[in-house]
Structure formats: structure tokens, C-alpha cells
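Beneath this line is the structure, given in C-alpha cells, with notes to follow.
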There are 2 protein chains.
Amino acid sequence: MDAQLRRGVLDVCVLATIKSEDSYGYKIIKDLRPILELSESTLYTILKRLEEGKMLVVRSTEFEGRLRKYYHITELGLKRIEDFKNEWKELMGIYSFIEEV
Amino acid sequence: MDAQLRRGVLDVCVLATIKSEDSYGYKIIKDLRPILELSESTLYTILKRLEEGKMLVVRSTEFEGRLRKYYHITELGLKRIEDFKNEWKELMGIYSFIEEV
DNA sequence: ATATATACTTCGTGATATGATGTATAGCGT
DNA sequence: ACGCTATACATCATATCACGAAGTATATAT
């Protein structure tokens, strides 16, 4: 898929993945695999940005000797998803224009 | 609308605008206004990129003493629009995921 | 005269995705 | 014992991109 088009959904995809249950980096990538392929460097960049934007909070734990950081969505994160759904409607209008012309 | 989401459709919107009839910068902006607001610097950047990507060709003319550059879509440009439509289907799948979760 | 519309150009900046590379542990097969 | 793969996160350098700001220049309306 086109790189620019991806960019528009990456953040929200990650938020959607942790919406119903807290998750951690490696698992997010695996869970998203059927929907959207993304590399570790890309994901961790996104997670960091979402954290800075207070759309999720992090809880570091230790699991079988390894570090594991669990990400939990916040109210702002949930709002971001809702906003996206509204933006999607706008985008549908734009798509119609492209299709019809 | 979210900046990232915009990016995914800007190029194709411009191509769609000149698809049925050759047009020039200032007119493209006006025609797109109801669909998508975009500044001159943004448009001319896009036009330049599309030209470099051979998705359109340019013909400079003089109109009432002023320079006017007409943009004409190429086969590659038309293909770009068709590709976008296919990518849109993929994107719909991603949206469903976001909506359902 | 002055403001507005038309028309294109260039520069600098900030945001972003991604590949490459690195660190470290657990578990499995040979 | 050794190597490989999976797990798990971190950092850096790079390339792409949208956009505001500022500039050049003409025609038309007030």
C-alpha cells in the first residue's frame, strides 16, 4: 500500500489494538500482522509519540527475565479513535470525488 | 482533518481534478476548495512531484499577459488513480478493524 | 491610488516512517 | 556445547513530505 495512505491509519491502528486489552510491542506487531505489516522501529516510534501525546500510558513489568512494557489506552486515546471515525466520513467524501471524476 | 490522513489523498485528488480536463494551478485550488482546502505552496510542491513522477505533463502558455501552466494527465497518472482505488479497498479492511475492535 | 484577484516560485522547518544496528534472554534442535 | 530462532525494546541516520512565509508580476475593480 502507498506509504502516505498508511501513515494516516498507523497511529489509530495501534490504539485500536490496545483498546480492549492492554498489550506490549511485540504482541501488537503480531496482532496487527494480518491487518497491517509494521516493523519494530516503526511501532516503537509510534508508541513513543502516542505516549507523549498522552493517548496511552505505559507500565513496565518483568516477564520471564525480559522487560515487557504494557501499553494502556487513555481517554484521549479513545477520543482519538472517535475523531478518526469522523474524519473517515470526510475522507469518504473525498474518495467519492476521486471515483466520480 | 488529520494531517497524515490528508497526505494519503492529496496527490490523487490533484490528479483527479485534471483527469477529465487539463487545468492550471490556480484553477485546481479553486476547483478543489469544496472538497479539500490546499495552499499554493502545497499544490505546486505536489504538481512538481507528479511531474517528476511522469504522472502529468506541463504546457506553458501565456494568458492575458500572465504565465499559465497547463497540466495534462498521463497514462501513469491514470494508473495512479486506479491503483489508489485498489488501495482504498485495503484501507476499508483496516477501517473495519478499527471500527469493530 | 489602492486593493483584490490571478498566477507561479522558492526557502526553511517540523513531522514522520523506516531500515539498520544494537542489547539481552529463553528455548529448542543437533 | 553450540547455533539458531523467537522474544523484547532502543537508537540513529535518512528520505519524504506538507506548509507557512515571503517574493515577483499583471489585470481589474473601487
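For the numbers below, each heavy atom of this structure counts, side chains included, while hydrogens, waters and symmetry mates do not. So that the names make sense, note that chain A is the first sequence line, chain B the second, and so on, each numbered from 1.
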Item to complete: Scan B:Thr42 against the nucleic acid and name what it touches under 4.0 Å (heavy atoms): base, sugar-phosphate only, or nothing.
Response: base

Discussion item. By the 4.0 Å heavy-atom rule, please label A:Leu10 as base, sugar-phosphate, or nothing.
Written reply: sugar-phosphate

Worksheet item: Just by distance, do the side chain of B:Ser23 and the backbone of B:Ile18 share a donor-acceptor pair under 3.5 Å?
Response: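 Checked: no pair found.
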
Worksheet item: So which one's nearest nucleotide on DNA chain C is more toward 5', A:Arg49 or B:Thr45?
Response: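 Checking each residue's closest nucleotide, the 5'-ward one belongs to B:Thr45.
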
Worksheet item: Do B:Arg66 and B:Glu62 sit within salt-bridge range, that is, some charged N less than 4.0 Å from a carboxylate O?
Response: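 Salt bridge: no.
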
Worksheet item: Taking NZ, NE, NH1 and NH2 as the nitrogens, is one of them in B:Glu75 or B:Lys79 under 4.0 Å from a carboxylate oxygen of the other?
Response: no

Discussion item. Checking A:Ser39 against A:Thr42: is there a side-chain donor and acceptor pair closer than 3.5 Å?
Written reply: yes

Euclidean distance, atom [atom1] of residue [X] to atom [atom2] of [N] [Å, nearest integer]:
X: A:Asp2; N: C:dA17; atom1: CG; atom2: P; value: 13 Å
X: B:Leu67; N: C:dT9; atom1: CG; atom2: P; value: 6 Å
X: A:Leu43; N: C:dT18; atom1: CG; atom2: P; value: 11 Å
X: B:Gln4; N: C:dT18; atom1: CD; atom2: P; value: 11 Å
X: B:Tyr71; N: C:dC8; atom1: OH; atom2: P; value: 6 Å

Rounded to the nearest 0.5 Å, how far apart are [atom1] of [X] and [atom2] of [Y]?
X: B:Leu76; Y: B:Lys54; atom1: CG; atom2: NZ; answer: 9.0 Å
X: A:Tyr44; Y: A:Ile28; atom1: OH; atom2: CD1; answer: 8.0 Å
X: B:Leu15; Y: B:Tyr71; atom1: CG; atom2: OH; answer: 12.5 Å
X: B:Asp22; Y: B:Lys69; atom1: CG; atom2: NZ; answer: 14.5 Å

Worksheet item: CD of A:Glu99: more than 12 outside heavy atoms within 6.0 angstrom?
Response: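 Yes - once you tally the heavy atoms of other residues, nucleotides and ligands closer than 6.0 Å, there are more than 12.
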
Worksheet item: Has A:Lys85 got more than 12 heavy atoms of other residues, nucleotides or ligands less than 6.0 Å from its NZ?
Response: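 Yes, because the 6.0 Å sphere around NZ of A:Lys85 holds more than 12 heavy atoms from other groups.
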
Worksheet, complete the sentence: For nucleotides 20-27 of chain C, 5' to 3', base contacts (B), sugar-phosphate-only contacts (S) and non-contacts (-) with protein non-hydrogen atoms under 4.0 Å give B----BS-

Discussion item. Under 4.0 Å, heavy atom to any atom of DNA chain C: which of residues 12-33 of chain A qualify?
Written reply: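 Of all residues in residues 12-33 of chain A, none places a heavy atom under 4.0 Å from DNA chain C.
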
Item to complete: Would you jot down, in residue-number order, the residues of residues 72-99 of chain A having a non-hydrogen atom under 4.0 Å from DNA chain C?
Response: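 The stretch gives none, as no residue of it lies under 4.0 Å from the strand.
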
Worksheet item: What is the 5' to 3' range of DNA chain D, first to last nucleotide, that sits under 4.0 Å from any heavy atom of chain B?
Response: D:dC17 to D:dA27

Worksheet item: What residues form a ring pair (Phe, Tyr, Trp, His ring centres under 6.0 Å) with A:Tyr24, not counting sequence neighbours?
Response: A:Tyr70

Worksheet item: Would you say the side chain of A:Leu36 lies within less than 4.5 Å of the side chain of A:Arg6, judging by non-hydrogen atoms?
Response: yes

Discussion item. Strictly below 4.0 Å: does B:Arg7 bring a side-chain N or O up to OP1 or OP2 of C:dA17?
Written reply: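 So the side chain of B:Arg7 is outside the cut-off, no N or O lying under 4.0 Å from OP1 or OP2 of C:dA17.
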
Worksheet item: Should A:Ser39 be listed as having a side-chain N or O under 4.0 Å from OP1 or OP2 of C:dT18?
Response: no

Worksheet item: Looking at residues at least two apart in the chain, or sitting in another chain, which of them share a side chain to side chain contact (heavy atoms under 4.5 Å, CB included) with B:Asp2?
Response: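 For B:Asp2 the side chain to side chain contact (heavy atoms under 4.5 Å, CB included) partners, ignoring immediate neighbours, are A:Arg80, A:Glu87, B:Gln4, B:Leu5.
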
Fill in: Worked verdict on A:Thr61 versus A:Leu67 for side chain to side chain contact (heavy atoms under 4.5 Å, CB included)
CA-CA 6 Å; A:Thr61 58; A:Leu67 172 67; over 6 Å; no

